[in-house]
Amino acid sequence: MHDLKAIRENPAEYDKLWAKRGLEPLSKKIMDKDALIRKAMQVVQEAEAARNKSSKLIGQAMGKGDKEEAERLKAEVAGAKNVIAAMGVQLDGERAELQALLAGIPNVPFEDVPEGEDEDSNVELHKHLEPTKLDFEPKDHADLGEALGMMDFETAAKMSGSRFVVLSGKLSRLDRALAALMLDIQTEENGYVEHSPPFLVRGEALFGTGQLPKFEADLYKTTVDHYLIPTAEVSLTNIVRESIVDPETLPRRMTAHTPCFRSEAGSAGRDTKGMIRQHQFNKVELVSITRPENSEDEHKRMLGCAEEVLKRLELPYRVVELCTGDLGFGARRTFDIEVWLPSQDTYREISSISNCGDFQARRMNARYKHAEKDNRFVHTLNGSGLAVGRTLVAVLENYQNEDGSITVPTALVPYMGGVRLIK
RNA sequence: GGAGAUGUGGCCGAGUGGUCGAAGGCGCUCCCCUGCUAAGGGAGUAUACCUCAAAAGGGUAUCGAGGGUUCGAAUCCCUUCAUCUCCGCCA
């Protein structure tokens, strides 16, 4: 959500930044609506003031027993009430329109975010390790998993349809081991506090983080008006909603290992095979709540926290900064971590780490005490640390042996109960 | 799922249609007195928005949230959310 006052003071700047995301200029439309609203507010408020004044006089007249005067005043109030009712309806309508308009406008990028229309303009920042070289034809994770008899898409399809999987045996354990490793790194080394939040949330929570109203089609909704979380970012970030945070507790770092549910409407045909794109997957999420002046530093720190997992697993990856055209709805800057997948001979996204500035904080009214009588919006950041399913895919593909067995990365052996080879 | 109760300012708590943004207490801030402790006196102490070049000032809204009745609602009605108690069910 955007700051109306800021737009009013600097419309050209906003239009310029929105243009970088490929949007038409919007400030004029917003300000015209805003001006209409303020004019209508004045009229309504004047009428309300007149009504309140007369009503008090009626009370006094009644107290004195002067019925005639009271009746005269009542007639007077009727006029004001007409104005309030008529203008009130108009005002509500205008406000709803402006609200809807603002709610659907994405965040503005930071000045120095690379410009570009789509992912082709994303900028590679750095790489870690050389892409895995196998001296045999690499299999993809789905073939490997099915051959092991521990990854079953057909059985999952029978009960749940496409884009689901049943893991079993060592692969199921591997999934758990990866999550445990990730949580241990983030909680024991990086200062994130582990949370076990709700997986079902109300619409307001999703509005707060920006998934609603625009992206309803990507979400699963229950019959009792709950939504399944598409990411724990929603649950974790909303922990500070409608509150005034003690600045001493900032930055506040939270993590959670949760399932994520995505209906992926409109993605038919993409990554149809395997575990890359599923309706349900596990993810260890990182969320930081910061003071405004610290969010950029925290963003870099969070990137490092996510990278650490891949370093520990000795998986090749690269980090890219998304260009303006590829930024998500709420983000001012985003780093993606892409892991190397031998079967695809390319890097694939395994983590996305965003600084949302005060965009989400405004939508959920999350503030901190900046000074006495000066509460300001916090900044919110979120990132995957990491997507467990895709990490499992990366481990299988990068650690595969010619016979289809999988060497367990050293860092995972303790978490696998000492197992060094999956076969 | 059934029955009932509750929801007021930082906290406690009064207030069942009128001058209530809201008594009183606690806490906090400032001042005075005393000045060792303890105590005493006075003033102040919500948020958002509109108006004003700004400040001062003025105005509107807010007593969980939303809607309604009324000239007027913290107070009456409806819906909803949350909490508590009892019963049922259940991992």
Side-chain angles (χ1 to χ4, degrees), chain A residues 1-10 30-103 196-208 212-213 221-227 235 238-249 258-259 358 361-378:
Chain A
M1 187 60 67
H2 293 283
D3 182 0
L4 253 186
K5 273 189 197 159
I7 296 173
R8 212 184 281 155
E9 280 163 19
N10 214 339
I30 294 167
M31 287 169 65
D32 285 352
K33 187 62 81 181
D34 179 47
L36 268 179
I37 287 170
R38 284 192 290 163
K39 199 158 285 173
M41 270 178 78
Q42 282 176 47
V43 175
V44 170
Q45 290 188 357
E46 270 169 37
E48 285 173 336
R51 178 202 62 195
N52 291 348
K53 202 171 168 189
S54 297
S55 287
K56 279 189 182 174
L57 291 175
I58 290 172
Q60 287 171 7
M62 303 272 274
K64 282 187 224 144
D66 188 346
K67 287 242 165 65
E68 259 179 52
E69 175 66 1
E71 288 307 317
R72 193 187 66 73
L73 285 162
K74 280 190 194 182
E76 204 177 279
V77 168
K81 285 195 68 171
N82 284 337
V83 174
I84 294 167
M87 287 302 284
V89 169
Q90 192 193 330
L91 189 54
D92 288 347
E94 305 278 9
R95 278 195 166 129
E97 279 179 40
L98 180 59
Q99 173 69 17
L101 176 62
L102 284 173
S196 303
F199 306 156
L200 290 167
V201 296
R202 291 216 186 101
E204 296 90 88
L206 288 149
F207 179 87
L212 287 180
K221 189 175 190 180
T222 72
T223 54
V224 288
D225 287 338
H226 281 127
Y227 293 85
S235 311
N238 273 282
I239 283 174
V240 296
R241 74 176 288 114
E242 290 163 50
S243 67
I244 296 168
V245 180
D246 177 356
E248 296 301 313
T249 66
T258 72
D358 65 7
R362 285 178 186 282
R363 292 170 82 100
M364 42 182 209
N365 196 22
R367 296 172 294 169
Y368 73 101
K369 193 170 279 300
H370 177 79
E372 203 50 44
K373 299 212 173 202
D374 187 5
N375 298 324
R376 301 195 182 177
F377 292 108
V378 296

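To find a chain, count down the sequence lines: A is the first, B the second, and so on, and within it residues start at 1.
Taking the side-chain hydrogen bond (donor to acceptor under 3.5 Å, both in side chains) definition, one finds that N52(A) meets it with nothing, sequence neighbours left out. Residues passing the ring-ring contact (aromatic ring centres under 6.0 Å, His included) test with H370(A) are Y368(A), sequence neighbours excluded. Applying the salt bridge (charged side-chain N to carboxylate O under 4.0 Å, His left out) test to E71(A) and every residue at least two apart in sequence or in another chain returns K74(A).
The pair E9(A)-K5(A) fails the salt-bridge criterion, with no side-chain N (NZ, NE, NH1 or NH2) lying under 4.0 Å from an Asp/Glu carboxylate O. Look at D3(A) and R362(A) and you find a salt bridge, because one of the NZ, NE, NH1 or NH2 atoms lies within 4.0 Å of a carboxylate O, short of that distance. A salt bridge between D34(A) and R8(A) is present, with a side-chain N of the basic residue lying under 4.0 Å from a carboxylate O of the acidic one.
The side-chain heavy atoms of L4(A) and I30(A), taken from C-beta on, include a pair separated by under 4.5 Å. Put simply, the side chain of V83(A) does not reach to within 4.5 Å of the side chain of V44(A), judged on heavy atoms. Side-chain contact between S235(A) and F199(A): absent, with no pair of heavy atoms (C-beta onward) separated by less than 4.5 Å.
Note on N52(A): only backbone sugar-phosphate atoms sit closer than 4.0 angstrom, heavy atoms only; bases stay farther off. No engagement by R72(A) is indicated, since no non-hydrogen atom pair under 4.0 Å with the nucleic acid exists. Residue R362(A) is classed as having no contact, given no heavy-atom separation below 4.0 Å to the nucleic acid. Looking at heavy-atom distances under 4.0 Å, I58(A) makes contact with a base.
For the segment residues 88-95 of chain A, the set of residues with a heavy atom within less than 4.0 Å of an atom of RNA chain B is empty.
Comparing the P positions of G17(B) and G1(B) gives an interatomic distance of 36 Å, to the nearest angstrom. Of the P atoms belonging to U29(B) and C81(B), the separation is 42 Å, rounded to the nearest Å. Across A46(B) and G27(B), the matching C1' atoms stand 15 Å from one another, rounded to whole Å. A gap of 11 Å separates the P atoms of G24(B) and A43(B), to the nearest Å. A distance of about 10 Å separates the C1' atoms of U47(B) and G9(B), rounded to the whole Å. If you take atom P in A74(B) and the same atom in U62(B), they sit 7 Å apart, rounded to whole Å. Comparing the C1' positions of G21(B) and U75(B) gives a spacing of 15 Å, expressed to the nearest Å. Remark: the separation of the P atoms in A82(B) and C90(B) is 24 Å, to the nearest Å.
At distances below 3.5 Å, not a single donor-acceptor pair connects side-chain atoms of D358(A) with backbone N or O atoms of F377(A). In this structure, R363(A) contributes its side chain and F207(A) its backbone to a donor-acceptor pair below 3.5 Å. For the pair S243(A) (side chain) and V245(A) (backbone), a donor-acceptor distance under 3.5 Å is absent.
Taking a heavy-atom distance under 4.0 Å as the criterion, the stretch of RNA chain B touched by chain A extends 5' to 3' from G18(B) to A82(B).
Between D34(A) and A50(A), the residue anchored nearer the 5' end of RNA chain B, judged by the nucleotide with its closest heavy atom, is D34(A). RNA chain B is contacted by both V77(A) and K5(A); K5(A) maps to the nucleotide lying nearer its 5′ end (nearest heavy atom per residue).
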Which dot-bracket string describes RNA chain B (Watson-Crick N1-N3 plus N6-O4 or O6-N4, or G-U N1-O2 and O6-N3, all under 3.5 Å; [ ] crossing; | other strand)? ((((((((.[[[..)..(.....]]]((((((.......))))))((((((.....)))))).[[[[[..)....]]]]])))))))....

